[in-house]
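Take a look at the structure below.
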Number of protein chains: 2
Amino acid sequence: MRITKPRIAIIESLTRHEGPISIEKIHQDIGTEVCDLVTVYRCLSAFESLGMVRRSYLHNGTCLYELTLGTPRHYHIVCKACGKTDRVDYFPVESMERMLQDRGYTQISHVVEFFGICPTCQKNPESRQTSISGRRTSRA
Amino acid sequence: MRITKPRIAIIESLTRHEGPISIEKIHQDIGTEVCDLVTVYRCLSAFESLGMVRRSYLHNGTCLYELTLGTPRHYHIVCKACGKTDRVDYFPVESMERMLQDRGYTQISHVVEFFGICPTCQKNPESRQTSISGRRTSRA
DNA sequence: TTGAGTGCAAAGGATTTGCAGGTTC
DNA sequence: GAACCTGCAAATCCTTTGCACTCAA
C-alpha cells in the first residue's frame with residue numbers, strides 16, 4: 001500500500017471530520033482538484049479491506065465511511081436539515097452485545113445513528129443547504 | 001389509495017414472510033407475472049408513506065421492507081457471513097431520544113443495526129454463500 | 001525500474017420517472 | 001367518468017471497471 005497525496009488527504013479528512021461521512025463530502029472536503037471522485041472510492045475501498053475504515057449504510061442507503069482507528073464508544077446525531085453531526089457520548093449497548101453473545105453470535109459490531117432537526121435549523125429553516133435525506137427519494 | 005391485485009399480493013407476501021425482505025424477492029414471491037417490478041417499487045413507496053411498511057438499509061446498502069403493522073419497533077442482527085437477519089426485540093432507545101430532545105433536537109429518529117457471525121456460520125464456514133459486502137459487488 | 005495508483009470515459013445495477021393505456025371506486 | 005394504477009421504456013444516480021499513463025518505492 002503506497003502513500004500518495006490523495007490517500008493522505010482522505011485520511012486527514014476522515015480524521016478531521018469525526019463521525020461517518022459520505023464519499024462525496026470527502027471529495028469536496030479535500031478539494032476536488034486533489035483527485036478524482038473515483039480515486040476516493042478506490043482509496044476508501046482499499047482502506048476498508050485493510051480495516052482502517054468502516055463503512056455503514058445509514059438511513060438513506062448511501063454509504064458513509066468512518067475511521068476505525070481509536071474510535072471510542074460514542075455516536076452521532078445528524079441533522080436532517082443541515083447535515084451537521086453532533087456527538088452523543090453515552091449509549092447503552094454493552095448489554096445488547098452481551099445478549100447477542102448469549103444467543104451464539106460472535107464478532108459482534110453495531111451501527112447506531114440518530115437523526116433529527118438541530119436547534120439552529122429550527123430557527124432558520126433556510127439554512128437547510130445540504131439535504132441529507134434519501135438518494136433520489138429526496139423529494140419526500 | 002386503491003386496492004389492486006398487485007397491492008394485495010405484495011401485502012400478502014410481506015405478511016407471509018416475516019422479517020425484512022427485498023423488493024426483488026417480493027416480486028419473485030408474488031410471481032413476476034402478477035405485476036412489473038416497477039409496480040412493486042411504487043407500491044412499497046406508497047405503503048411506506050402511509051406508514052404501513054418500514055424500510056431499512058441493512059449492511060450491504062440494498063433496502064429491505066417490512067410490515068409495520070403489529071410489529072413493535074425492533075431491530076436486527078445481520079450475519080456478516082451468510083446475510084441472514086435475526087430479530088432483536090428490545091433496545092433501550094427512549095431515554096436516548098429524550099436526552100436529545102432536551103438538547104433541543106426535534107423529529108428524532110434513529111438507525112440501529114447489529115452485525116455478527118451467526119451460530120450456523122461458525123460451524124460451517126463454507127455456508128458463506130452470500131457475500132454481504134458491496135452492493136453491485138454482489139456479482140462476486 | 002516497475003507495479004501500484006490515478007484519471008477519464010464508460011459500463012453496471014438499483015431505483016425513479018414520463019407517458020399512454022387500463023382499472024378501481 | 002375521473003382519478004388512480006400500471007407497464008414499458010428510458011432516465012438517473014451511485015458505484016465499479018477498463019485502459020493507458022504517472023509516480024512512489
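In what follows, chains carry the letters A, B, and so on, assigned in the order in which the sequence lines appear, proteins first and then strands, with residues in each chain numbered from 1. Hydrogens, waters and symmetry mates are skipped; everything else that's a heavy atom, side chains included, is used.
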To the nearest Å, how far apart are [X] [atom1] and [N] [atom2]?
| X | N | atom1 | atom2 | value |
| --- | --- | --- | --- | --- |
| Leu44(A) | dT15(D) | CG | C1' | 12 Å |
| Leu37(B) | dT15(C) | CG | P | 8 Å |
| Ile26(A) | dT15(D) | CD1 | C1' | 14 Å |
| Arg55(A) | dC14(D) | CZ | P | 15 Å |
| Glu24(A) | dT16(D) | CD | P | 13 Å |
| Glu33(A) | dC8(C) | CD | P | 12 Å |

Flag yes if [X] and [Y] sit in one hydrophobic cluster, no otherwise; membership is Ile, Leu, Val, Met, Phe, Trp, Tyr, and two members link when side-chain heavy atoms are under 4.5 Å apart.
| X | Y | answer |
| --- | --- | --- |
| Tyr65(A) | Ile8(A) | no |
| Ile23(B) | Val34(B) | yes |
| Ile3(A) | Val53(A) | no |

On DNA chain C, compare the nucleotides closest to Asp36(A) and Ile3(B); which residue's is nearer the 5' end?
Asp36(A)
Nearest-nucleotide 5' precedence on DNA chain C, Lys5(B) against Arg42(B)
Arg42(B)
Using atom types as modelled and distance alone, determine if a side-chain donor or acceptor of Gln122(A) lies under 3.5 Å from a backbone N or O of Gly104(B).
yes
With a 4.0 Å limit, can you tell me whether [X] has a side-chain N or O closer than that to the phosphate oxygens OP1/OP2 of [N]?
| X | N | result |
| --- | --- | --- |
| Arg7(A) | dT6(C) | yes |
| Tyr41(B) | dT16(C) | no |
| Thr4(A) | dT6(C) | yes |

Which residue lies toward the 5' end of DNA chain D, Cys35(B) or Ile23(A), if each is placed at its nearest nucleotide?
Cys35(B)
Nearest to the side chain of Met1(B), heavy atoms from C-beta on, is which of dT6(C), dT16(D), dC5(D)?
dC5(D)
Side chain of Val38(A) - closest among dT24(C), dC8(C), dC8(D)
dC8(C)
Examine the base of dG22(C) for any acceptor or donor lying under 3.5 Å from a partner atom in the side chain of Arg2(B), and report the outcome as yes or no.
no
Distance-only donor-acceptor check, side chains Asp36(B) and Tyr41(B), under 3.5 Å:
no
How is Val40(A) classified with respect to the nucleic acid when contacts are heavy atoms under 4.0 Å: base, sugar-phosphate, or nothing?
nothing
